Novice: 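Mind having a look at this structure? Questions to follow.
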Amino acid sequence: MAAELVVATTDLAMIQAQQAGMKAIGAGLAVGLTGIGTGIAEMGIGAAAVGAIAEDKDFFGLGLLFTVIPETIVIFGLVVGLLLLFL
Amino acid sequence: MGVNISAPYIYVCTRMRMRKAKLLPREEYQRMLNMSVSEITRIIGETEYKQEIDELGTIFKGIDLIEVALSWNLAKEYQKIQEITPGNLKQFTQVYLRRWDIQNVLTILRGKMQGEKPGKIKEILIPAGSLDKVILDRMLSEESSDRIIEMLKTHRMYPVLAREYPAAKESGSFSHMENELYKHLYANIIAGAKASVKGGASFLAYIQLDIDIKNVKTLFRLREDDLEEDARDMFIPGGSLSLLNFTSLNNIKDLNEFIDMIRANIRNDTLHSLLDELKGNKSSHDIEARLTRVQLEQMEKMSKRNPFSIHPILVYLEKKKYEVFNLRAIARGKESRLPADKIMKYLVI
């Protein structure tokens, strides 16, 4: 009886550890994949913004603003990651 | 992810769009039509041509200042674009700019033949192709035309020059040689664009449009002038028209039938609407400028269809060329006291 209880407790601990690990992987994926998405989105906008700024310096502010708009994607990923880890 | 949406393509195409947006608008030309040459110089000096006007202001005066400043600016602009274009686009841009080599070499040869001073010839050269200022200066300092041809021994156009020059020199007319040089250039360009290079298809589409418009222009010119020259000599192969179509089109006397035949042979909506306008309208004096406008409009459409390809670059290069042509036409027209509406007909806006 006592031996069975010890086995069950060990199993539970293992399952809990696995769950924590899965959460960490999920959080990592959420931030990592959204980071890649943001990078791809910013590539085009950034290239166009630098092109426009090279021709006309006045575009600096506007170009920067448009370039960072896809940052929202990675921020969502970060929020999801934090929720996974701390809730 | 295809190469067509890589960052350098987006970068350079955006730069071209920005530059295109800075070109002079229609209203500016209309304002210039009511000005004197010195006022036009002042207006041009406040735009993208400021640096050239300031630099050359002490050496040249009046119409010469405008002419030289425009040529210098065009050459500088073309060199700059060659510097900033990446990969295959650079190659295509250089290929496109090779036509300036032909123009420069012919200008030098013609100038030498007429005994013009090297300084005078230099004013109208546009060193935008593969022959840069240094080579052109060396060519200008040569006295004999044969030596000039010898200097081009390593250049692509040398075989045609060597073949055609003796006859051209004897007859005193370079027109046949010019045709042959352009045919050789287009054949080369088409072979290059077809050689399975990425983005080659869009370049080929432009080249075919260019050849089509050139052939149609030649046909209209032949109709207007009633020349007895051999039409086949002026035909450029590689477009929608075949040599057979070209000669049969040239033999059609009736304007409506002629237009219908062009419509049937060349698929191009913008050209079709121009041809419809021309039907029944006997006067076709400004047809060349209108055909050029058709070409630009069609190129604009192509650049919107392929926003990150060679097309936006080519549209800018062409529009810049016509801006310089327009300004030169206005300045020259004003110098010769032509009425504004007459000058307007020569402008490509």
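These values consider heavy atoms only, across backbone and side chains, with no hydrogens, waters or symmetry-generated copies. Since we're looking at a predicted model, the values are computed, not measured. Each chain gets a letter, A, B and so on, in the order the sequences are listed, and its residues count up from 1.
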Novice: Do other residues, nucleotides or ligands put more than 12 heavy atoms under 6.0 Å from the NZ atom of B:Lys301?
Specialist: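 Yes, the 6.0 Å shell around NZ holds more than 12 heavy atoms from other groups.
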
Novice: For A:Phe76, does the CZ atom have more than 12 heavy-atom neighbours from other residues, nucleotides or ligands under 6.0 Å away?
Specialist: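 Not more than 12 within 6.0 Å, no.
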
Novice: Quick check: closest heavy atoms across A:Glu55 and B:Lys22, and the distance to 0.1 Å?
Specialist: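 Heavy-atom minimum between the residues: O-NZ, 3.0 Å.
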
Novice: At their closest point, which heavy atom of B:Ala7 faces which heavy atom of A:Met43, and how far apart are they?
Specialist: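 Scanning both residues, the minimum pair turns out to be CB-CG, 3.9 Å.
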
Novice: Could you measure the distance from the OG1 atom of B:Thr14 to the CD1 atom of A:Ile53? Nearest 0.5 Å is fine.
Specialist: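 Between atom OG1 of B:Thr14 and atom CD1 of A:Ile53 there are 11.0 Å.
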
Novice: More than 12 heavy atoms of other residues, nucleotides or ligands under 6.0 Å from CH2 of B:Trp72: yes or no?
Specialist: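 No - once you tally the heavy atoms of other residues, nucleotides and ligands closer than 6.0 Å, there are 12 at most.
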
Novice: Where do B:Met18 and A:Ala52 come nearest, in terms of heavy atoms and distance?
Specialist: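 Looking at all heavy atoms of both residues, the closest pair is CE-O, 3.8 Å.
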
Novice: Other residues, nucleotides and ligands only: do more than 12 of their heavy atoms fall within 6.0 Å of OH on B:Tyr29?
Specialist: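 Yes, the 6.0 Å shell around OH holds more than 12 heavy atoms from other groups.
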
Novice: When only pairs under 4.5 Å are counted, which of A:Gly51, A:Ala49, A:Gly44, A:Gly46 shares the most heavy-atom pairs with chain B?
Specialist: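 That would be A:Gly51.
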
Novice: Quick check: are there more than 12 heavy atoms from other residues, nucleotides or ligands sitting under 6.0 Å from OH of B:Tyr186?
Specialist: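 Yes, enclosed.
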
